[in-house]
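These notes are about the structure you will find just below.
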Amino acid sequence: MENSTEDYRIQSFDLDTQMLLKTALKDPGSVNLEKVSNIIVDQSLKDQMFSKEAGRICYTIVQAEVKQNNGNVFRRNLLNRLQQEFKVREDTRRRSLQEWVCYVTFICNIFDYLKVNNMPMVALVHPVYDCLIRLGQPDALMNEEEVDCLVLQLHRIGEQLEKVNVQRMDELFFLLRDGFLLQEGLTSMARLLLLEILEFRAGGWMLSSTAHKYYYSEIAD
Amino acid sequence: MSNWLRGKECVANNSEHDKRSDGPSRWSHCRKRGIDGNLRANTEANGSNGEKSRHSDNSYTHSDSRHSSFTTPESNGPVTRCNRRMDWGSQMEDEEMRRGVHKDMQRRRILAAEGNQRERKTSSGSSESCDSKEGDNMETDEAVLLRRQKQINYGKNTLAYDRYLKEVPKHMRQTGIHPKTPNKFKKYSRRSWDQQIKLWKVKLHAWDPPAEESQDKVLNNIEDLDIDDVMDIELDFPPLTDSQAPSASLATHSLSLEDEDCSGTPVKIQKTENAAESGVTANC
């Protein structure tokens, strides 16, 4: 089943880069995969829309490379680049909240898509938790973009994360409860988001229909 | 041979790579993949990666210039600096290999059990005479299996092996003539296993792609040990000094332990070459 290229959301790249990416998808052995992974990571750090969906194109390139020549150059470069950015995440956050949020979105998206034997990548579990727990800290909860990012990721990958490590999920949710209950200065939107995610997890990673009605009935379908 | 530990690389400092100098070794043309893991045929497409056509196994990388092993007063010989590779790329590869080995173990156990049952049905009385090399006598130590699997991977990640597979389908293999991958599940001493691996790889060289040399010359060179046949030997090289400025991505221009070995031909290798020469049986 082949995704049409629109699914990969590469429209934001210039035409040459789009060509490069398309080639990487079909014939990974013929392109410089290190360069491709850097392009994808760089864009993900800038473009929030792309960071939400970049996992898909990465997954396809990884699969294509395995199929073509049993290689994993792309994956290795991607992961190591992710690791590099992870190491400097606190500086990134200080420098640019937007970039930090993009990074978290991206790494969670990769975690979601790049599975090995249908199991999440072991190497990413703790780093993802580290990022989410960082988002649950008091200073981060003051920023709506960070709260929004946090709950979005939990919606997408919370259940999977919990399966691979429940203690850290508990740790995160202690923070969220405390934040919701005790933290002064939270915007009402932030509190709403936190309450919803608390209920979401309590409901087994889904909202009851009444809760759904409460939170989402105002939103046009 | 059993005194030497295999030095495993530890990537502690991910922001630098160590680039060992110079070009291809004489075995480079046999390697399926270059140092960056890309297939050799595509070196042009990979820009600066193309020059680094040194022989390496793409599952082994290390990217700092420190010794990956030391001899401490407490240890009997060189010991590894740390056992796990810390970069995420390598962690995933190690994880995959571990899973692969576990699957092999499961499969082997099931097949062994099945085999024993069949044997009992057909044999007249004594069940000891059947293939009890599996079952109770199976090697189950994960560390041993992983190490053996890595050694096997080195041998299989060669053009020679690919060519061998294409040329000789498995059912056409004749014992003694065609190289057979050593069975990692059988119990062997460390020395015995390492020797089997060495001999297996030497035999595989018969299928090396011809370089400038004619096919005959390649066959004559079979007796020369491939550098990675002695990969288990810990060599105390001083770290090479050229290193490049870090680039944006990590661990891509990184080297395997084998590259460290080929910066010279120390006395130890020469001795082993002689030993291997006397031990090598005639090849086709």
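When heavy atoms are compared at a cutoff of 4.5 Å, A/Leu82 approaches chain B by way of both its backbone and its side chain.
Atom OH of A/Tyr59 has 12 or fewer heavy atoms from other residues, nucleotides or ligands within 6.0 Å. In A/Lys115, the NZ atom is crowded: over 12 heavy atoms of neighbouring residues, nucleotides or ligands sit closer than 6.0 Å. No more than 12 heavy atoms of other residues, nucleotides or ligands shown are found within 6.0 angstrom of NZ on A/Lys35.
Remark: the B/Gln91 side chain and the B/Asp87 side chain contain no N/O donor-acceptor pair separated by less than 3.5 Å.
Counting heavy atoms from C-beta outward, B/Thr181 and B/Lys156 have side chains that approach closer than 4.5 Å. At a threshold of 4.5 Å between non-hydrogen side-chain atoms, the residues A/Arg134 and A/Asp139 count as touching. In this structure, B/Glu93 and A/Arg75 have side chains that are in contact, with non-hydrogen atoms separated by less than 4.5 Å.
How far CD of A/Glu145 is from CD of A/Gln48: 8.5 Å, rounded to the nearest 0.5 Å.
In this structure, the side chain of A/Glu146 does not engage the main chain of A/Leu135 through any donor-acceptor pair within 3.5 Å. Looking at A/Gln18, its side chain does come within 3.5 Å of a backbone N or O of A/Phe13 through a donor-acceptor pair.
By a heavy-atom distance cut of under 4.5 Å, not one residue of residues 150-161 of chain A is near chain B. Taking non-hydrogen atoms and a 4.5 Å limit, the residue list of residues 96-113 of chain A in contact with chain B, ordered by number, reads A/Tyr103, A/Ile107.
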